[in-house]
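Here the structure is a predicted model, which means the values were calculated and not measured.
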Amino acid sequence: WRPPPGSTLYEQMLLFFESLRVPEGPLMGQPWVLLEYQRKVIYDLCDPTVRRVIVSIPRKGGKTAFAAALVLAALGGPLSRRSSQVYSAARSRDQAAVVFSLANKIINVTPWMAGEFDVTHSQKIIRGVRFDTEYKALSADAKTKHGLSPVFVIHDELGQVDGPDDELYDALETAFGAQVSPKSLIISTQAAEDHHLLSTLIDDAIASNDPRTKIHLYAAPRDADPYDEATWRQCHPAYGLFRNPVEFREAADGAQRLPSRELAFRRYYLNQRVTGDTGFVTPSVWRENALLPDL
């Protein structure tokens, strides 16, 4: 892959993704096709005035594979800066390994990437040969959180952080001081409660309307019917593409039969903020019976 002369950074990024191959699943090895939300995120990352991009979508929306491809774009693609550091951050070692693993799989199935990257599996490190770049997957239990100087950071599934603070997030977000126009991408399903870190970041981004922070939030409205397919299409950008409608319907039917499963369905399939201690009555049951007369 080489950037065509005279092309913009955004155009180069689109061409870069077109050169990739899908790393796993039924479409493995086929050319990458960007979803509309991914195009919007790429556009924002190409804007030099943007510092942070927040993306919150339901599960199985291609978040982690997209993050892995962006890692490679920052190591050997249009986002590369010579001798720079790139990190992805996750809550656990297993989750951190997922981004690294998918990036490695993309390298293995994309023909032109042969020889472009040096992969060290034991340390979850990928080095870009051409630009002397380095990527490392970090987890919250990592011993080394300071002394880093990243130019691009991806916070994967930040919605898993309980509470308003996270040491790894703070360490990385305060490590950009030596960089010009650094970027961070937060990509996650929503947190359960309003006071959790991701929720506060989303709410602040919406309230402040800060042009340096861009937000892409795909979530069903609180008053929407959780069992209506129109709601699913509205909140899930991959629904009907690689997000299986049959499996979605099965999960919805299960939640409708067993109210104890509704909260999980709302959070992970509809990307709504819900918590297990909301109450003994689910939102749907409460709404259906709210207007019943007293007996």
Side-chain angles (χ1 to χ4, degrees), residues 1 13-42 55-77 88 90 92 94-114 116-117 119 121 124 126 135 137 154 156-157 159-160 185 187-190 216 218-220 226-256 261 264-271:
W1 180 87
M13 284 292 288
L14 296 184
L15 291 171
F16 175 81
F17 270 86
E18 288 178 4
S19 76
L20 302 182
R21 296 295 181 266
V22 178
E24 62 182 13
L27 301 179
M28 179 178 175
Q30 296 187 23
W32 193 297
V33 177
L34 284 166
L35 299 179
E36 185 59 29
Y37 91 85
Q38 295 172 337
R39 289 176 176 269
K40 293 177 180 178
V41 171
I42 291 171
V55 184
S56 184
I57 63 175
R59 280 190 174 175
K60 303 300 180 182
K63 297 188 300 297
T64 307
F66 182 47
L70 288 171
V71 163
L72 297 176
L75 289 179
S88 67
S92 67
D94 289 343
Q95 182 63 29
V98 175
V99 176
F100 168 82
S101 176
L102 283 170
N104 183 53
K105 288 180 179 179
I106 293 172
I107 293 171
N108 290 336
V109 300
T110 302
W112 70 263
M113 288 188 170
E116 292 285 329
F117 301 97
V119 181
H121 293 271
K124 297 184 180 64
I126 301 176
Y135 156 74
I154 296 175
D156 186 32
E157 294 299 350
Q160 294 178 4
L185 171 67
I187 188 162
S188 176
T189 53
Q190 287 219 68
H216 303 272
Y218 295 84
Y227 303 117
D228 187 344
E229 187 176 16
T231 300
W232 310 341
R233 292 185 178 279
Q234 178 183 3
C235 72
H236 206 303
Y239 183 84
L241 298 172
F242 58 78
R243 187 61 174 99
N244 189 341
V246 175
E247 189 276 336
F248 213 109
R249 168 59 67 185
E250 290 174 349
D253 290 344
Q256 200 163 17
R261 296 172 59 181
F265 178 76
R266 284 177 172 271
R267 181 177 179 188
Y268 298 122
Y269 286 74
L270 306 185
N271 202 31

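Minimum heavy-atom separation, F265 to A255: CB-CB, 3.8 Å. Considering all non-hydrogen atoms of both residues, A103 and L72 come closest at O-CD1, 3.7 Å. Contact detail for G77 and F16: the closest heavy-atom pair is CA-CE1, 3.9 Å. Closest approach of G159 and S188 over heavy atoms only: N-OG, 2.9 Å. Of all heavy-atom pairs between R21 and E18, the closest is NH1-O, 3.8 Å. The nearest pair of heavy atoms linking G76 to W112 is O-CH2, 4.3 Å.
Taking the six-membered ring for Trp and the full ring otherwise, F66 and F17 have centroids separated by under 6.0 Å.
With contacts defined as side-chain heavy-atom distances shorter than 4.5 Å, the pair F248/R233 does not qualify. Side-chain contact check for P237 versus R243: every heavy-atom pair is 4.5 Å or farther apart. When side chains are defined from C-beta on, M113 counts as touching I106, because their heavy atoms get closer than 4.5 Å. With a 4.5 Å cut-off on side-chain heavy atoms, I187 and L70 do not count as touching. Taking 4.5 Å as the limit, every side-chain heavy atom of N271 sits out of range of all side-chain heavy atoms of C235. The shortest distance between side-chain heavy atoms of N104 and H121 falls below 4.5 Å. A 4.5 Å side-chain heavy-atom check between V99 and I154 finds every atom pair outside the cut-off.
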Please list, one pair per line, the donor and acceptor atoms closer than 3.5 Å that link side chains of residues 27-39 to other protein atoms, with sequence neighbours excluded.
unit_1	atom_1	unit_2	atom_2	d
Y37	OH	G61	O	2.9
Q38	OE1	L35	N	3.0

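The OG1 atom of T189 sits 12.0 Å away from atom CG of L270, with the distance rounded to the nearest 0.5 Å. A distance of 8.5 Å separates CD of E247 from NZ of K60, quoted to the nearest 0.5 Å. Rounded to the nearest 0.5 Å, atoms CG (L20) and CD1 (I107) are 10.5 Å apart. Separating the OG atom in S88 from the CD atom in Q95 is a distance of 9.0 Å, to the nearest 0.5 Å. Atom CZ in R266 sits 9.5 Å away from atom OG1 in T231 (nearest 0.5 Å).
Side chain of H236 to main chain of R59: a donor-acceptor pair is present (N/O by atom type, distance under 3.5 Å, no hydrogens or angles).
Taking the six-membered ring where the residue is Trp, F100 and Y135 present parallel rings, their angle staying beneath 30° rather than reaching 60°.
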I57 vs K63, side chain to side chain contact (heavy atoms under 4.5 Å, CB included): CA-CA, chis, key distance, verdict = CA-CA 8 Å; I57 63 175; K63 297 188 300 297; 3.3 Å; yes
Candidate pair V22 and V109, rule side chain to side chain contact (heavy atoms under 4.5 Å, CB included), full reasoning | CA-CA 8 Å; V22 178; V109 300; over 6 Å; no
Evaluate side chain to side chain contact (heavy atoms under 4.5 Å, CB included) for R249 paired with W232, printing each intermediate quantity in order.
-> CA-CA 10 Å; R249 168 59 67 185; W232 310 341; 3.2 Å; yes
